[in-house]
Amino acid sequence: MLRMWSLPLLLVRRSKYAFDLGKTRLEPGQWYLLSPHMIHRDERIWKQPDVFDPDRFLPGAPHGPADRTCYVPFGWAPKRCVGADFATVQLMALCHLLCTRYRLTVADPAAVTMALRFAPVPENFHGRLTLR
C-alpha cells in the first residue's frame, strides 16, 4: 500500500556536491525535487507498477523491485521520516485488525480512482464496512 500511495508526493533537496543526472548537471547548493511516487511507478524498477500486489515483497519474488533501495515510502536518509519504524508497526497492527475483524466491500472497484493532491486520496469511493 505504501508503494502505491506513498507520501509525500514530492521531496525538496539541496545538492551538497556536483553531480550529473542524465544530461543535467547539478552544482553544489542547487535545489532539486525527488518524487517517491514516481520512483514507485517506474517500470524500469517495478514490474507492473500500477498493480497492487503485496506478494512482490516476498523473498525471491520474480516480480519484486529490481533494487531494494527504490522502495522509499518514508523518504531517503539523512532526512528520512523519524517515525518511519513506528508508523510501519502501526500500519501492520491496523492491517491485522482490519483484515481479521472487518470486511470492506465496494460495489464497483474499477470506479474508484486516486487523486493526487498533497496526499493521494480516493475518489468515487462508496464502500461498506461490516463487522465479520
Side-chain angles (χ1 to χ4, degrees):
M1 188 173 82
L2 290 176
R3 184 192 67 83
M4 293 287 293
W5 300 291
S6 61
L7 293 173
L9 296 177
L10 291 173
L11 299 169
V12 179
R13 297 289 185 260
R14 180 180 255 173
S15 65
K16 289 185 178 181
Y17 310 99
F19 66 94
D20 293 320
L21 185 64
K23 295 180 182 180
T24 303
R25 178 156 182 87
L26 286 176
E27 297 298 333
Q30 283 187 299
W31 293 94
Y32 60 96
L33 296 174
L34 295 167
S35 174
H37 178 80
M38 291 179 69
I39 290 170
H40 290 161
R41 304 286 181 156
D42 190 334
E43 291 181 348
R44 295 171 295 178
I45 301 166
W46 303 92
K47 294 178 179 84
Q48 299 177 322
D50 294 326
V51 173
F52 177 73
D53 183 5
D55 289 345
R56 73 174 69 237
F57 292 99
L58 293 174
H63 54 295
D67 182 350
R68 286 285 196 209
T69 62
C70 293
Y71 175 63
V72 289
F74 297 105
W76 291 268
K79 294 184 178 184
R80 181 176 180 256
C81 175
V82 296
D85 295 332
F86 182 64
T88 301
V89 171
Q90 279 188 316
L91 285 170
M92 289 175 18
L94 178 62
C95 286
H96 175 73
L97 173 72
L98 291 174
C99 291
T100 57
R101 304 231 174 121
Y102 298 95
R103 179 164 179 80
L104 178 65
T105 55
V106 180
D108 186 10
V112 178
T113 58
M114 295 301 287
L116 298 178
R117 296 193 177 95
F118 176 76
V121 294
E123 291 184 316
N124 307 320
F125 181 81
H126 304 287
R128 180 183 165 111
L129 190 62
T130 55
L131 198 54
R132 285 183 180 235

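Owing to the predicted nature of the structure, the values given are computational and were not obtained by experimental measurement. Starting from 1, each residue takes its place in the sequence as its number.
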So if you build clusters from Ile, Leu, Val, Met, Phe, Trp, Tyr with side-chain heavy-atom gaps below 4.5 Å, do F74 and L11 land together? yes
Group every Ile, Leu, Val, Met, Phe, Trp and Tyr by side-chain heavy-atom contacts under 4.5 Å, then state whether F52 and L58 land in the same group. no
Could you work out, with ring pair (Phe, Tyr, Trp, His ring centres under 6.0 Å) as the rule, every residue matching Y71, not counting sequence neighbours? H40, F57
Show every donor-acceptor pair shorter than 3.5 Å between a side-chain atom in residues 89-108 and any protein atom, with sequence neighbours excluded, or say none if there are none.
unit_1, atom_1, unit_2, atom_2, d
T100, OG1, H96, O, 2.7
T100, OG1, L97, O, 3.4
T105, OG1, R128, O, 3.4

Any residue meeting side chain to side chain contact (heavy atoms under 4.5 Å, CB included) with D53, in chain and number order, not counting sequence neighbours: V51, D55, R56, H63
Can you list the residues that meet the side chain to side chain contact (heavy atoms under 4.5 Å, CB included) rule with E43, with sequence neighbours excluded? P49
Does any pair with a residue in residues 87-100 pass salt bridge (charged side-chain N to carboxylate O under 4.0 Å, His left out), and if so which ones, sequence neighbours excluded? none
Residues passing the side-chain hydrogen bond (donor to acceptor under 3.5 Å, both in side chains) test with D50, sequence neighbours excluded, are R41
Where P36 and V72 come nearest, the two heavy atoms and their spacing: CB-O, 3.7 Å
Closest heavy-atom pair, L9 versus S35, reported as atoms and distance to 0.1 Å, is O-OG, 2.9 Å
Cluster membership besides W31, Ile/Leu/Val/Met/Phe/Trp/Tyr side chains within less than 4.5 angstrom, sorted by chain and number, is L10, V12, L33
Residue pairs involving residues 12-28 (criterion side-chain hydrogen bond (donor to acceptor under 3.5 Å, both in side chains); sequence neighbours excluded): D20-R25, R25-E27
Let me confirm one number: the CG-CZ distance from D85 to R80, rounded to the nearest 0.5 Å. 5.0 Å
